[in-house]
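Below you'll find the structure, written out as structure tokens, and then a few comments.
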2 protein chains.
Amino acid sequence: MRRKTVTIRDVAQRAQVSVSTVSQILNGNHSYVSADKRERVLQAAEELQYRPNAIARSMVKQRTGTVGMIFTSVVDHLFIHTIKSAQAVLKPEGYTIFLADTPDIESEIQAIAALQDRQVDGFIFVSMTSVADSAHLQRLKAEEVPFVVINRPRVQAYDFNQIQWNDWEAGYLATRHLLNLGHTSVATICGPRQGLPHWQSAFDRHEGWQQALAEQGIMVSPDWIFDGNYTCQGGYEATRQLLQQAGSKSKLPTALFVANEEMSIGVLRALHYAGVRVPQDIALVSVGDTPFTAHMTPSLTTLAHPVAEAGQIAAQILLKQFATKELLPTQKIMLSFDMRVRESCGSNPEPSEIFF
Amino acid sequence: MRRKTVTIRDVAQRAQVSVSTVSQILNGNHSYVSADKRERVLQAAEELQYRPNAIARSMVKQRTGTVGMIFTSVVDHLFIHTIKSAQAVLKPEGYTIFLADTPDIESEIQAIAALQDRQVDGFIFVSMTSVADSAHLQRLKAEEVPFVVINRPRVQAYDFNQIQWNDWEAGYLATRHLLNLGHTSVATICGPRQGLPHWQSAFDRHEGWQQALAEQGIMVSPDWIFDGNYTCQGGYEATRQLLQQAGSKSKLPTALFVANEEMSIGVLRALHYAGVRVPQDIALVSVGDTPFTAHMTPSLTTLAHPVAEAGQIAAQILLKQFATKELLPTQKIMLSFDMRVRESCGSNPEPSEIFF
DNA sequence: CTGTTAGCGCATTCAG
DNA sequence: CTGAATGCGCTAACAG
């Protein structure tokens, strides 16, 4: 049931040399071999379709050429780009990715153990969630296993390699954009800021919103704050509440900062059925970007997560650590969101209508 | 830089027994050991925090407890559920997934080689794309490596384990649904049916549409067929063309079968700016489902891919093969799409409007 | 019932 | 410059 595995010994035998000679030639080691034997070995390897067994190799080299990637998937379309970009830098270097999807801390711990048993050379943690407990990561650190965490809440205090994105800035820039457009009443629909699970990003984005307003001397009214819980449904309900509270179209805020894209979908829905047009009646800026965002009605102005960048940098950090004997100093990197200005904020014109 | 690895020998030494005794006890092998020694070994292992090295184990067992999952990602939100569900069945059995994202055939071949070098026990291929060349899979088959392919075009003729979903049926059911609602003019916006890359699914879904119409004795007019190329933008443009061709609202078809969800996003957009309401003026059914589909405006009636099911079944097939010495007969499984009736087809009422 | 022995496939000293 | 010997950590016969 297994392929008749051809080993280094088979090659040696066929080339009429010793095993170690084959190994040296194939690994390009710096002891000179006669061109004659080199040729014979190369040819034998070719003829036999020899491929070194990576497992056996890792046994002696004490490195496997694998990295474990552990993610707590809540927002799939985000982490997938992290995986891809990490893979894009790891693969050319001969590394392969072990993947584990871990819904909670306990299964994360389990996954780490399983991958450590398989002797991965390092880890990348991608958490798009509220998971915060990082005590077990401290143990990893103590064992001097290289790893980097991406977007993990409350790790700033730890001495880990970490890549975060600036949620505060996202809220701030989104709101600034609206302010610059002349809006003065900018309501917000936020993610889960209290209770559990409680998302750090919801808190940070909200702070950014507040700061931008404060800088303009605008007093934020509690009436402008609605909780949408980061879900489509939550965004929908928050908006209905907003509409009800306003009572009339003229009393609506003129702009809206919606803390994530999921909620925006619901917001758009509620607004539509209330006859409130975006951006004519109310402008909207959100956070997050999917392949659909640019094609919705209206297309959404958003701040896009630097997910691909994060994965790429994480992989590069690992690679650098792999190449070095001693421990490299830990890196703490903060990435900015990328503003994508489209229709929902009113900056861009809508397509010309088609009349019959 | 590596954790001071504790080996089975350390445990043996501490428990004052031989290495093999430790191995037997820890692996629950069926030779009886004195309760005394068993206790000592267990305790020593515990105290030393011993964890067997999976790499070393796989060397001798000739199986690694890993499966390679190779996907050509085009539609991310689809395959991600395949991965997750496969993982859900593999993990409890002690298997770990190696992941590789391969944009084209060449890198797929490369990835297979890399994973074979790492001695994976089997493969799952997930292709949501037009990739069709499967010659290298035939080699895999010849080497008796267990694998199953999901949604790979033109593999029917091969003797592989394969899981497909019934694109024809999707088109058929979608159209039937529209027909049952009383529509008689059902236009379609299709995926790339000719040229390269050319998607089998586009062709199949289109056939289903045609068949449903034919069964009702409805002659399909070429005027009802538009190519949207499976993209948002394509859907948008196809719809503009449809509108232009109709010339007036009254001449529009009353229903639309859109062959995938991406295109639907664009269709909705074009229709919206033309003042054509969905579903009041035109009903719409599509194929594909994301977390957003149910919350869009209007929410989309779709046929959802059986992606999770596919991943689960694939994993189960592998597991069964792993447990058996001889080759199991290959399985060819056809899965149905799942109809999700929502607003866009007109079956469900829209939410009550909120008036000021 | 337990310990000794022999590899799994490979890379790496170290003599010759 | 080359090949024989050693061991990575573990399991599986095989004796005792």
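Letters A, B, ... are given to chains in the order of the sequence lines, protein chains preceding strands, and every chain is numbered from 1.
A donor-acceptor pair under 3.5 Å is formed between the side chain of D121(A) and the backbone N or O of G65(A).
When I112(A), I109(A), V145(A) are each tested for a side chain to side chain contact (heavy atoms under 4.5 Å, CB included) with L137(A), only one passes: I112(A). Just one of E108(A), R154(A), R152(A) meets the side chain to side chain donor-acceptor pair (under 3.5 Å) condition when paired with S134(A); it is R152(A).
In the helix from dC1(C)-dG16(D) to dG16(C)-dC1(D), the end axes, each obtained as the rotation axis mapping the C1' atoms of four pairs onto the next four within a five-pair block, lie 50° apart to the nearest 10 degrees.
If you take CD1 of I8(A) and C1' of dA4(D), they are 14 Å apart, rounded to a whole angstrom. Going from atom CD of E39(B) over to atom C1' of dT2(C) covers 18 Å, rounded to whole Å. Here the C1' atom of nucleotide dA12(D) and the CZ atom of R63(B) are 16 Å apart, to the nearest Å. Straight-line distance from the CE atom of M59(B) to the P atom of dA11(C): 11 Å, rounded to whole Å. In this entry the distance linking CD1 of I55(B) with P of dA11(C) reads 14 Å, nearest Å. Rounding to whole angstrom units, CG of residue L48(A) and P of dC10(C) are separated by 12 Å.
With sequence neighbours excluded, the residues forming a side chain to side chain contact (heavy atoms under 4.5 Å, CB included) with E47(A) are R14(A), Q43(A), listed by chain and number. For Q13(B), the side chain to side chain contact (heavy atoms under 4.5 Å, CB included) test picks out no residue, with sequence neighbours left out. Residues passing the side chain to side chain contact (heavy atoms under 4.5 Å, CB included) test with V89(B), sequence neighbours excluded: Q312(B), A315(B), Q316(B), L319(B). Shown here are the salt bridge (charged side-chain N to carboxylate O under 4.0 Å, His left out) partners of E93(A), two or more places apart in sequence or in another chain: there are none.
Closest contact between the side chain of Q24(B) and the listed nucleotides dC8(D), dT2(C), dG3(D) involves dT2(C). Comparing atom distances between the K61(A) side chain and each of dT12(C), dC8(D), dT11(D) picks out dT12(C) as nearest.
OP1 or OP2 of dA11(C) sits under 4.0 Å from a side-chain N or O of N27(A). Contact between the side-chain N/O atoms of Q62(B) and the OP1/OP2 oxygens of dG9(C) is found at a separation under 4.0 Å.
The ring of F71(A) has its center no closer than 6.0 angstrom to the ring center of F125(A).
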Can you name the atoms? Protein N/O to nucleotides 4-7 of chain C N/O, anything below 3.5 Å, with the distance.
{"unit_1": "dT4(C)", "atom_1": "O4", "unit_2": "S20(B)", "atom_2": "OG", "d": "3.4"}

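For the residue pair R118(A) / T96(B), a side-chain donor-acceptor distance below 3.5 Å is found, with atom types taken as modelled.
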